[in-house]
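Below is one structure, written out as structure tokens, with a few remarks after it.
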2 protein chains.
Amino acid sequence: MSTTRGRIDKRQAILEGAFTVFARLGYAQAGVQDIAAEAGVAKPTVYNHMTDKATLFRHALEAAAQTVLSERLAALDPLVAPGDDLPATLEGVAYELLRLHTDQRSCSLKRLLYSEITTFPDALDLVLDSGPHRLNQALADRLARLVLSGRLRATDPDLAAEQFMALLTGPLEARTRMGTQQITDSELRTMARAAVETFVRAWSAS
Amino acid sequence: MSTTRGRIDKRQAILEGAFTVFARLGYAQAGVQDIAAEAGVAKPTVYNHMTDKATLFRHALEAAAQTVLSERLAALDPLVAPGDDLPATLEGVAYELLRLHTDQRSCSLKRLLYSEITTFPDALDLVLDSGPHRLNQALADRLARLVLSGRLRATDPDLAAEQFMALLTGPLEARTRMGTQQITDSELRTMARAAVETFVRAWSAS
DNA sequence: CGTCGATTGTACTCACCAGTTCAACGTCAT
DNA sequence: ATGACGTTGAACTGGTGAGTACAATCGACG
């Protein structure tokens, strides 16, 4: 049993190490040697678990995407039972989403996706469908319940969710210089407040 | 003179060919040989004009960025003298911006930037500062004049510009599958209308 | 202890490609 | 014509890295 355990651990270590190195150097520059070293493993061991550098890349991306998605979904939780102060609840969720969008893993994942779309067109299916789309869906669901309780305008919740995310993450690209620059926490708060204020002004019932 | 002409033409051909091939294959996969072929030129000629593959990349990016920026700035022109129907004018500008944001060159440029940030950190300075930032500035200027004429709320025009662009281009990423999927013209119209409607609802004077 | 499978280090093959060299060629200016 | 200069094709060098082969080692389990 512990041997199986060991194998699983190695596999995990390899996937995480691979993502780390790919994120740091890009697909082409990252050597399988480097990845093995990062994972604390010998090069042949990598090829014992993954047939290819390419499939290694795909699996590493997929794993990272899973993590990122679940984190973001969890951030939406407060919306299922918003308090009396809806804007405050929205602002909390917005801040949390911003924090997640600016962290290391998210930025690296986005960069890697963008950079290797041309050489790995199928990576999109592994990540995107299980990514922003599912998040939008979840957010739209939460917003729809707010519509029913008369707190939001009774129009397309999907559109509302889309625009909420747009208002939130749109300004990020410029501010973080495409994810290369970290941002202060108070600035994140400010951005969340600005996005929510505009969103509420445009979408609140009345 | 015609020899000079010829040299200039070769240089242009090389830059354009380089951007095309880099966009198609990515920096690492693109061979200087391929680029030379695309430009209709011999490989040593490339090295006659550019010292390096890296500097070739930088110059190609810079040239493409210039083109993209000037196109987008031109799209803002209608805002200097908007007609009586402000939303209609905004919608026209929005549509034009969307069209430019979805075209081949823009998408490729964005992808290349994202992919090579790690290996070319300085490319950001060549492109970003002369890119979205300048565009936002210009848009904010136009919006400020609308504030003065009492058509928009008298708060931060920079924020307004930022959110206008966010509402516009945020939904793009998902819809175009990160620029890999083309989008129908009517859908572009719809997106422009939705963005402008929300923007006006949140920012119009009233 | 002995066996089996996974792991390790090392060292190798093989392909690919950036960058260079060189001799031949075209073209324009004087 | 002649010379200067950019261009061209082809062949070469050197480095790098994916993937593999192999013999030695480790650790679990009967």
Side-chain angles (χ1 to χ4, degrees), chain A residues 1-61 112 115-116 118-120 122-123, chain B residues 1-62 112 115-116 118-123:
Chain A
M1 183 63 77
S2 76
T3 123
T4 309
R5 183 85 262 142
R7 284 184 63 187
I8 292 185
D9 287 352
K10 298 269 181 191
R11 189 181 200 87
Q12 283 304 325
I14 290 172
L15 286 178
E16 289 169 20
F19 184 77
T20 304
V21 177
F22 281 137
R24 180 162 55 231
L25 302 176
Y27 177 78
Q29 278 300 314
V32 176
Q33 191 68 251
D34 307 337
I35 293 173
E38 177 79 25
V41 142
K43 184 160 75 145
T45 306
V46 174
Y47 285 101
N48 232 9
H49 290 266
M50 313 302 235
T51 68
D52 234 278
K53 186 185 177 185
T55 62
L56 171 57
F57 181 70
R58 271 182 263 259
H59 282 100
L61 267 200
L112 281 176
S115 60
E116 308 302 336
T118 42
T119 39
F120 296 94
D122 54 310
Chain B
M1 183 62 75
S2 75
T3 125
T4 308
R5 185 83 263 145
R7 284 184 63 186
I8 292 185
D9 286 350
K10 297 266 180 191
R11 187 180 202 88
Q12 282 305 327
I14 289 173
L15 286 178
E16 289 169 20
F19 183 77
T20 304
V21 177
F22 281 136
R24 180 162 56 231
L25 302 176
Y27 178 78
Q29 278 300 317
V32 176
Q33 192 69 249
D34 307 336
I35 294 173
E38 176 79 27
V41 144
K43 185 160 74 147
T45 307
V46 174
Y47 287 100
N48 233 8
H49 290 266
M50 313 301 239
T51 67
D52 239 20
K53 187 186 178 186
T55 62
L56 170 57
F57 181 71
R58 271 183 262 260
H59 282 101
L61 267 200
E62 198 173 6
L112 281 176
S115 60
E116 309 303 335
T118 42
T119 39
F120 296 94
D122 54 310

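A, B, ... follow the sequence lines: proteins, then strands. Residue 1 opens every chain. Here the structure is a predicted model, which means the values were calculated and not measured.
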Review point. How long is the line joining CG of A:Leu25 and C1' of D:dT16, in whole Å?
Key: 14 Å
Exercise for review: Have a look at B:Ala30 and say if it touches a base, only the backbone sugar-phosphate, or nothing, with a 4.0 Å heavy-atom cut-off.
Suggested key: sugar-phosphate
**Study point:** Whole angstrom value for the distance that separates P of C:dA18 from CZ of B:Phe57
**Key:** 14 Å
Practice item. Tell me whether the OP1 or OP2 atom of D:dT8 has a side-chain N or O from B:Lys10 closer than 4.0 Å. Key: yes
Practice item. If a pair satisfies side chain to side chain donor-acceptor pair (under 3.5 Å) and one of its residues is in residues 15-41 of chain A, list it, with sequence neighbours excluded. Key: A:Arg24-A:Glu38
Exercise for review: Using whole Å, report how far CD of B:Gln33 lies from P of C:dA18.
Suggested key: 9 Å
Check your understanding: With respect to the phosphate group of D:dT7, does any side-chain polar atom (N or O) of B:Thr45 fall under 4.0 Å of OP1 or OP2?
Key -> no
Point to revise | CG on B:Asp122 to OG1 on B:Thr119, rounded to 0.5 Å | key: 9.5 Å
Study note, to complete from the structure: Here the gap from B:Leu61 atom CG to B:Arg58 atom CZ, rounded to the nearest 0.5 Å, amounts to 9.5 Å
Revision key, fill the gap. Residue pair A:Lys43/B:Gly40 against DNA chain D: nearer the 5' end by closest nucleotide is B:Gly40
Study note, to complete from the structure: Rounding to 0.5 Å, atoms CZ (A:Arg11) and OG1 (A:Thr45) come to a distance of 12.5 Å
Study note, to complete from the structure: From the candidates C:dT7, D:dT8, D:dG6, the one with an atom nearest any side-chain atom of B:Asn48 is D:dG6
Point to revise | Net bend of the helix from C:dC1-D:dG30 to C:dT30-D:dA1, end axes of five pairs each, nearest 10 degrees | key: 10°
Practice item. State the CG-CD1 distance between B:Leu56 and B:Ile35, to the nearest 0.5 angstrom. Key: 5.0 Å
Exercise for review: Working to the nearest 0.5 Å, report the span between NZ of B:Lys53 and OH of B:Tyr47.
Suggested key: 8.0 Å
Revision key, fill the gap. In whole angstroms, the gap separating C1' of D:dG19 from CG of A:Asp52 amounts to 9 Å
Check your understanding: Roughly, in whole Å, what's the span from NE2 in A:His49 to P in D:dG19?
Key -> 16 Å
Review point. Taking CE from A:Met50 and C1' from D:dA18, how many angstroms apart are they, rounded to a whole number?
Key: 16 Å
Point to revise | Nucleotide nearest A:Pro44 when distance is taken to its side chain, options C:dT8, C:dT7, D:dT7 | key: C:dT8
Check your understanding: To the nearest 0.5 Å, how far apart are CD1 in B:Ile14 and NE2 in B:His59?
Key -> 12.0 Å
Check your understanding: How many Å lie between CD on B:Gln29 and P on C:dA15, as a whole number?
Key -> 17 Å
Exercise for review: In whole angstrom, give the distance that lies between atom OH of A:Tyr47 and atom C1' of D:dT20.
Suggested key: 9 Å
